[in-house]
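Only one structure is covered here, and it is reproduced in the block below.
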Amino acid sequence: SATTALIFYLVRQALLAQAAAERGFFEVSRIINRSPVVTVAWENAPGWPVRFVNETIRQWGYEPEDLRSGQIQFANLMHPDEVQQIEAEVARHFAQGPDDYNQEYRLRTSSGQWIWVNDHTWLERNAQGEVTGIYGVLQDISNQKIAEARQEDLDLLAESARLIVEVKENLLGPIREPQTRPVMAA
């Protein structure tokens, strides 16, 4: 009948659309998993249980399933000196926004090394304004932090040298270029 044919046609179109969407998802997943960024979806619960994490987490020595299963709690990877500040910032974003924000903090790799990450997080809310989704993109910025620290050291060294010259000039007078005497030919 015409109705049955129409139903089969609509089901076939829906299946083709689903297959195309799955191919698109597969392509995006391949791209993300070959990038240096870690994508995470957290639950809105204590310890921020991980609902999803991509394969790139392996660069830090963790298996995605260990975080998804709860065997490893994301909050336990954060540096203990920063957990309280991060929790306070997250609570503020939950309460008053903005729902799209960045944080920088240290995470422990599976080898015990601490790395700096930039965490770009965005929140999803339901109609009542409650947070229903927490999504993030994490990137290792350790080299940037090392470069910043070196620059601060160089700036401090330059300032110290300037102060030494200033003190010396105040005590002994300005620094003069040494006088050279012409060499006389014999």
Side-chain angles (χ1 to χ4, degrees), residues 7 10-148:
I7 291 172
L10 293 175
V11 168
R12 181 178 183 275
Q13 291 304 105
L15 290 173
L16 288 173
Q18 181 180 355
E22 288 173 359
R23 279 192 305 276
F25 176 77
F26 175 75
E27 288 296 313
V28 169
S29 293
R30 278 190 39 218
I31 292 167
I32 291 171
N33 285 331
R34 292 192 56 123
S35 78
V37 300
V38 175
T39 56
V40 184
W42 293 279
E43 296 289 336
N44 183 3
W48 299 305
V50 173
R51 188 172 68 229
F52 170 83
V53 63
N54 72 321
E55 294 174 15
T56 315
I57 193 75
R58 290 185 176 120
Q59 70 185 323
W60 300 333
Y62 299 109
E63 288 299 318
E65 187 54 33
D66 292 341
L67 281 105
R68 288 191 295 252
S69 70
Q71 181 179 349
I72 297 173
Q73 289 288 313
F74 187 83
N76 292 339
L77 302 179
M78 295 177 179
H79 196 283
D81 294 346
E82 297 162 354
V83 171
Q84 189 175 10
Q85 176 188 342
I86 293 166
E87 288 175 344
E89 289 174 5
V90 169
R92 189 183 76 238
H93 287 288
F94 276 35
Q96 59 196 30
D99 289 352
D100 195 314
Y101 57 93
N102 286 297
Q103 293 176 297
E104 291 182 358
Y105 52 86
R106 289 172 286 178
L107 281 181
R108 187 182 64 247
T109 65
S110 67
S111 68
Q113 175 188 3
W114 291 100
I115 60 169
W116 281 96
V117 297
N118 177 287
D119 176 350
H120 179 84
T121 300
W122 62 97
L123 308 174
E124 271 186 4
R125 296 180 186 268
N126 62 17
Q128 293 75 36
E130 299 164 326
V131 174
T132 57
I134 310 166
Y135 306 95
V137 176
L138 305 155
Q139 186 167 13
D140 184 346
I141 59 167
S142 299
N143 289 337
Q144 175 185 331
K145 288 292 191 177
I146 290 168
E148 288 172 1

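The CZ atom of R106 sits 14.0 Å away from atom CG of L77, with the distance rounded to the nearest 0.5 Å. The NE2 atom of H120 lies 10.0 Å from the OH atom of Y101; values are rounded to the nearest 0.5 Å.
Without hydrogens or angle criteria, N54 side chain to T39 main chain gives a donor-acceptor distance under 3.5 Å.
Taking the salt bridge (charged side-chain N to carboxylate O under 4.0 Å, His left out) definition, one finds that D100 meets it with nothing, sequence neighbours left out.
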task: Decide ring-ring contact (aromatic ring centres under 6.0 Å, His included) for W42 and F74; before the verdict, give the C-alpha distance in whole Å, the side-chain angles of both, and the deciding distance to 0.1 Å.
output: CA-CA 9 Å; W42 293 279; F74 187 83; 5.2 Å; yes
message: Walk me through whether H79 and Y105 qualify under side chain to side chain contact (heavy atoms under 4.5 Å, CB included).
response: CA-CA 7 Å; H79 196 283; Y105 52 86; over 6 Å; no
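For the side chain to side chain donor-acceptor pair (under 3.5 Å) test with Q85, the passing option among E82, E89, E87 is E89; the others fail.
The two residues I141 and V117 make their nearest non-hydrogen contact at CG1-C, 3.9 Å. Nearest heavy atoms, D99 versus H93: OD1-O, 4.0 Å. Contact record, P80 with W114: CD-CH2, 3.8 Å, taken as the closest heavy-atom pair.
If you check the side chains of Y135 and R51, you find a donor sitting under 3.5 Å from an acceptor.
Within the structure, salt bridge (Lys or Arg N to Asp or Glu O under 4.0 Å) contacts touching residues 58-68 (residues at least two apart or in different chains) are E55-R58, R58-E63, E65-R68.
Annotation: side chain of N118 is in contact with side chain of N102 (closest heavy-atom distance under 4.5 Å).
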